[in-house]
Every structure is written in C-alpha cells, then in structure tokens.
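What follows is a short report on a single structure.
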Amino acid sequence: MAVNLSNLRPPRGSRHRKVRVGRGIGSKLGKTSGAGNKGQKSRKGFSRRPGFEGGQMPLHRRIPKRGMHSPFRREFAIVNLETLNAFAAGEVVTPEALAARGMVRQAGLPVKILGNGDLRGPLIVHAHAFSKSAEEKITRAGGKLERLS
C-alpha cells in the first residue's frame with residue numbers, strides 16, 4: 001500500500017485522550033483528583049523542591065561546610081615544565097599536542113603551565129596561562145610563549 005497524505009495515520013496506541021481529573025465519581029479521579037485527602041501534597045500549587053525531605057533538615061544543610069567556594073573560580077589543566085621536555089627543541093607545544101600525548105587529563109579545560117622542573121631546550125609554548133617562574137624558565141631556555149584567550 002502506497003503512503004500518501006490521504007492515508008497517513010499515527011501509530012496504533014500513540015494517541016489517546018488526556019485524563020480529565022475532578023469530573024465526578026464515575027471517572028475514578030473525581031473529588032480529590034487523585035491527590036488523596038488533606039496534607040501538603042494535596043494542596044494546589046504544591047511542588048516539592050530538590051533536596052526536600054518532608055520537613056526534616058535536608059542533607060545539604062546537615063553536613064558541615066568549610067572554606068570558601070568562589071563562583072568565579074577558573075579551573076585549569078595543569079602541566080609542569082619538566083613534562084615539556086618530551087618535546088623536541090624548537091617544537092610548538094599546543095593544548096592539542098599535550099592532550100594527544102596524554103599530558104593533559106581533561107582535554108576541555110584551559111591549560112596552565114607551572115614552573116616545576118627545568119626546560120632543556122627552547123620551545124614555542126601556546127597555553128592559556130603561565131606561572132611567573134614558568135615564563136622566566138621558558139624565556140631563559142630560549143623559547144617563546146604565547147597566551148591563548
């Protein structure tokens with residue numbers, strides 16, 4: 001049978017009438033409309049918020065909190081200078097090259113180069129951030145650094 005506009009139909013069982021609640025005792029969902037008798041959950045406009053535990057002190061308020069959690073914190077994938085010695089002298093080091101060699105754990109994060117260790121040869125390093133000691137050691141080794149935005 002050819003399918004055309006005159007014989008298009010939705011699949012069997014995919015379309016059914018919506019349940020009309022509160023329409024008399026013969027409908028199975030009359031009077032209380034399936035919400036039961038009394039109580040907070042039977043009231044109009046009730047919506048249980050995330051973390052609600054029936055009035056008990058919720059877990060996220062019971063556990064102790066320590067320190068400050070800045071909403072503006074920038075997370076970096078950190079790479080130390082000594083790991084850059086795996087690259088040949090004069091090579092260009094990019095976040096993609098670091099991820100390809102498995103030197104960066106989270107590939108989606110911006111990369112920050114820290115000054116732990118020494119650099120043996122000059123490299124052209126592209127990263128999102130550098131520590132001061134890393135900047136000094138890269139330039140001292142004859143390399144160049146470029147900040148990515």
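Here the structure is a predicted model, which is why all the values come from computation and not from measurement.
Val3 forms part of a hydrophobic cluster together with Leu5, Leu8, judged by ILVMFWY side-chain heavy-atom separations under 4.5 Å.
What you find for Gly36 and Ser42 is that their closest heavy atoms are O-CB, 4.0 Å. The minimum heavy-atom distance between Gly51 and Pro58, with the atom names listed, is O-CB, 3.3 Å. Considering all non-hydrogen atoms of both residues, Asn37 and Lys31 come closest at OD1-NZ, 4.1 Å. The minimum heavy-atom distance between Val104 and Gln106, with the atom names listed, is CG1-O, 3.3 Å. The heavy-atom pair separating Gly24 from Ser27 by the smallest distance is O-OG, 2.8 Å.
Residue-environment remark: CZ (Arg61) stays at or below the threshold of 12 foreign heavy atoms within 6.0 Å.
Counting only distance, with no hydrogens or angles, the side chain of Gln40 and the backbone of Phe46 share no donor-acceptor pair below 3.5 Å. Checking side-chain atoms of Asn80 against main-chain N and O of Glu82 turns up no donor-acceptor pair under 3.5 Å. With Asn85 contributing its side chain and Arg120 its backbone, the two residues share a donor-acceptor pair below 3.5 Å. Looking only at distances, no side-chain donor or acceptor of Ser33 sits under 3.5 Å from a matching main-chain atom of Gly30.
Checked against side-chain hydrogen bond (donor to acceptor under 3.5 Å, both in side chains), Ser14 has no partners two or more places apart in sequence or in another chain. Applying the side-chain hydrogen bond (donor to acceptor under 3.5 Å, both in side chains) test to Arg147 and every residue at least two apart in sequence or in another chain returns Glu135.
Counting only residues at least two apart or on different chains, the salt bridge (Lys or Arg N to Asp or Glu O under 4.0 Å) pairs with a member in residues 100-113 are Glu91-Arg101.
Side-chain contact check for Asp118 versus Leu81: every heavy-atom pair is 4.5 Å or farther apart.
Taken from CG in Asn116 to NZ in Lys137, the straight-line distance is 7.0 Å, to the nearest 0.5 Å. Atom CG of Leu148 is separated from atom OG1 of Thr94 by 8.5 Å, given to the nearest 0.5 angstrom.
The hydrophobic clustering, which links ILVMFWY residues whose side-chain heavy atoms are closer than 4.5 Å, places Met103 and Leu119 together. Cluster membership for Leu84 and Leu145, using ILVMFWY side-chain heavy atoms within less than 4.5 angstrom, is shared.
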Please tabulate, one pair per line, all N/O donor-acceptor pairs under 3.5 Å involving side-chain atoms of residues 64-74, not counting sequence neighbours.
from  : atom 1 : to    : atom 2 : distance (Å)
Lys65 : NZ     : His60 : O      : 2.5
Lys65 : NZ     : Ile63 : O      : 2.9
Ser70 : OG     : Phe72 : N      : 3.1

Solution key, residues 123-133 side-chain donor-acceptor pairs under 3.5 Å, sequence neighbours excluded:
from   : atom 1 : to     : atom 2 : distance (Å)
His128 : ND1    : Val111 : N      : 2.9
Ser131 : OG     : Gly115 : N      : 3.3
Ser131 : OG     : Ser133 : OG     : 3.3
Ser131 : OG     : Ala134 : N      : 3.2

